[in-house]
Protein chains: 2
Amino acid sequence: MPQQTKPIGEVPTRLAVSTVIFALRPDRSGRPVLWTPLVRRTREPQLGLWALPGGWLPPAEELEAAAARTLRLTTGLAPTYLEQLYTFGEVDRSPGARVVSVVYWALVQSDEAARATAGPNVRWVPADTLPGLAFDHNRIIEYALWRLRTKVEYSQIAHAFLGETFTLAELREVVEAVLQRPLDPANFRRTMLASGRLRETGERLAGARNRPPKLYRYDSTALAATPEPTARTESLRERPAS
Amino acid sequence: MPQQTKPIGEVPTRLAVSTVIFALRPDRSGRPVLWTPLVRRTREPQLGLWALPGGWLPPAEELEAAAARTLRLTTGLAPTYLEQLYTFGEVDRSPGARVVSVVYWALVQSDEAARATAGPNVRWVPADTLPGLAFDHNRIIEYALWRLRTKVEYSQIAHAFLGETFTLAELREVVEAVLQRPLDPANFRRTMLASGRLRETGERLAGARNRPPKLYRYDSTALAATPEPTARTESLRERPAS
DNA sequence: TCAAAAGTGTTGTCACTACACCCATGG
DNA sequence: CCATGGGTGTAGTGACAACACTTTTGA
């Protein structure tokens, strides 16, 4: 907020919004792993390198809306989870200009991600084996990955990778893919149910040659211990992807 | 990062850095409570209202350095803890212009805060009973308070309010003041020592009419479980305040 | 009837709480 | 010698890990 006023220089600091997007996709062995979409830079600096989707902040657009828009432009998807990650502003992070980037991170549904747009300038890569990216974007994605993994441990965000309803095995498979470690099905079940945020739909998922598991739905209205003040409680799901 | 390029409008978005500063000061009953310094706005908009210390981001200054500088300008102090809080950028948060504020939060030593500069345009207020502030600064301080309180529960930051060495009773008094709830001295002692981040100095604090307690020093080099990737491990203490 | 996964029971460990109790010092 | 905090011992509780076990389905 304006406390001391300085004239804006000829080369002002510019403000960008970027988004780290995560989805689960099966690797060659069929097990789901984290993937993230990148865009190819079509102008200097760093022309031709792969980078995070993003762009300059339009003066009349909210930060989160800008993040959701670039996400939609690059993937054709609407996020099921979207949260501010961090603001990166090192003086020398972009050659030639001072760029401050407000970075968001997002989760999108895995089945939607499968039919996401891809083209010569959009490429999905495994989040754990990144190529060399433009600017400081490797570091940013690594930080977002760390945040996703720590948050999955204490929070209920794994459901954002799934559809409206899901079985506990599906949910566990998601968490295992994010944490890269197997979990005890019995204990996972109890921990999830004890959280009070899952509601039975009354349905079961038949068809497999085993006992049909119950289908659950995530209940965002259930009492949270202490939600973060910056978190929205409304679902992002209902937004039209238009 | 430049992905799509838009011409900078006549009224560009401006980037500010603000800092929420916390120190412990005794209230009238002598018990320490959280205080935060505010500055009076000397120009429109919101002229005359109290606001967070901050200012426009100089093009050649790091975000964190800008936060430390405004902190030094308003309090004359160097922070013992400084961390990015959040970036607030709602389109309508500042009347007349689009202002995006990267907000930091800081802790300063309580005894230094006692002799901090204050004047007609700088005022310290109890952090829990704020007056009506300019812009969205009430909300920002409340979020910083929430972050301080949650972080004190799982992290070792309380020592940042104290000097180089301290007793466990002093440290506990700090945590009690932040959390606004008494703690069991025996359990607090064990939890702190089990963290592995306190080192005995070998000294004791004599003079009181009780058994002299040991003095401890915070050890930032001790193995942390998993430090946040954005956190610096070096101490902020050593920096000259000049 | 069998493979496979759903779902339940049981035990051990560990962190944390509550609180009784002993220790060392200055007055 | 006693008030005052420093510091230790110990039992209870609740969350979680490990793993044996029963249940229910499709083939």
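Because only heavy atoms are used, hydrogens play no part in the values below, and waters and symmetry mates are left out as well, while side chains stay in. The structure presented is a predicted model; accordingly, all values stated were derived computationally and were not measured. Reminder, nothing fancy here: chain letters follow the sequence lines and each chain counts from 1.
Comparing C:dG7, D:dA18, D:dG7 by their closest approach to the side chain of B:Arg189 singles out D:dG7. Nearest to the side-chain atoms of A:Pro213 among the listed nucleotides C:dA6, D:dT24, C:dT25 stands C:dA6. Of all nucleotides listed (C:dA6, D:dG26, D:dC16), D:dC16 comes nearest to the side chain of A:Thr191.
Contact check, B:Arg209 against C:dG27: no side-chain N or O comes under 4.0 Å of OP1 or OP2. Taking only side-chain nitrogens and oxygens, A:Arg181 never comes nearer than 4.0 Å to OP1 or OP2 of D:dA17.
Within 3.5 Å, no donor on the side chain of A:Asn210 pairs with an acceptor on the base of C:dA3, nor the reverse. A donor-acceptor contact under 3.5 angstrom links the side-chain atoms of B:Arg190 to the base of D:dG9.
Look at NZ on B:Lys214: it is 12 Å from C1' on C:dC23, rounded to the nearest Å. Atom CZ in B:Arg211 sits roughly 19 Å away from atom P in D:dA3 (whole-Å rounding). Rounded to an integer number of Å, the gap from CG of B:Asp184 to P of C:dC21 is 15 Å. One interatomic measurement links the two molecules: CG of B:Leu215 to C1' of D:dG6, which rounds to 13 Å at whole-angstrom precision. Taking atom OH of residue B:Tyr216 and atom P of nucleotide D:dG6, one finds them 11 Å apart after rounding to whole Å. Note: CG (A:Leu193) to C1' (C:dG7) measures 10 Å, nearest angstrom. As a whole-Å value, the separation of A:Phe166 CZ from C:dA5 P is 20 Å. At whole-Å resolution of the value, CG in B:Leu183 and C1' in C:dC16 are 12 Å apart.
Here the rule is salt bridge (charged side-chain N to carboxylate O under 4.0 Å, His left out) with A:Lys214, and of A:Glu170, A:Glu200, A:Glu203 only A:Glu200 fits it.
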Practice prompt. Start with the C-alpha gap between A:Phe161 and A:Leu34, add the side-chain angles, then the distance that decides, and say whether side chain to side chain contact (heavy atoms under 4.5 Å, CB included) holds.
Written response: CA-CA 10 Å; A:Phe161 284 111; A:Leu34 285 166; 3.9 Å; yes
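Residue B:Ala208 is in sugar-phosphate contact alone, with no base atom involved, counting any heavy-atom pair closer than 4.0 Å across all strands shown.
Not less than 6.0 angstrom separates the ring centroid of B:Tyr216 from the ring centroid of B:Tyr218.
Atom CD1 of B:Ile140 and atom CZ of B:Phe135 lie 10.0 Å apart (nearest 0.5 Å).
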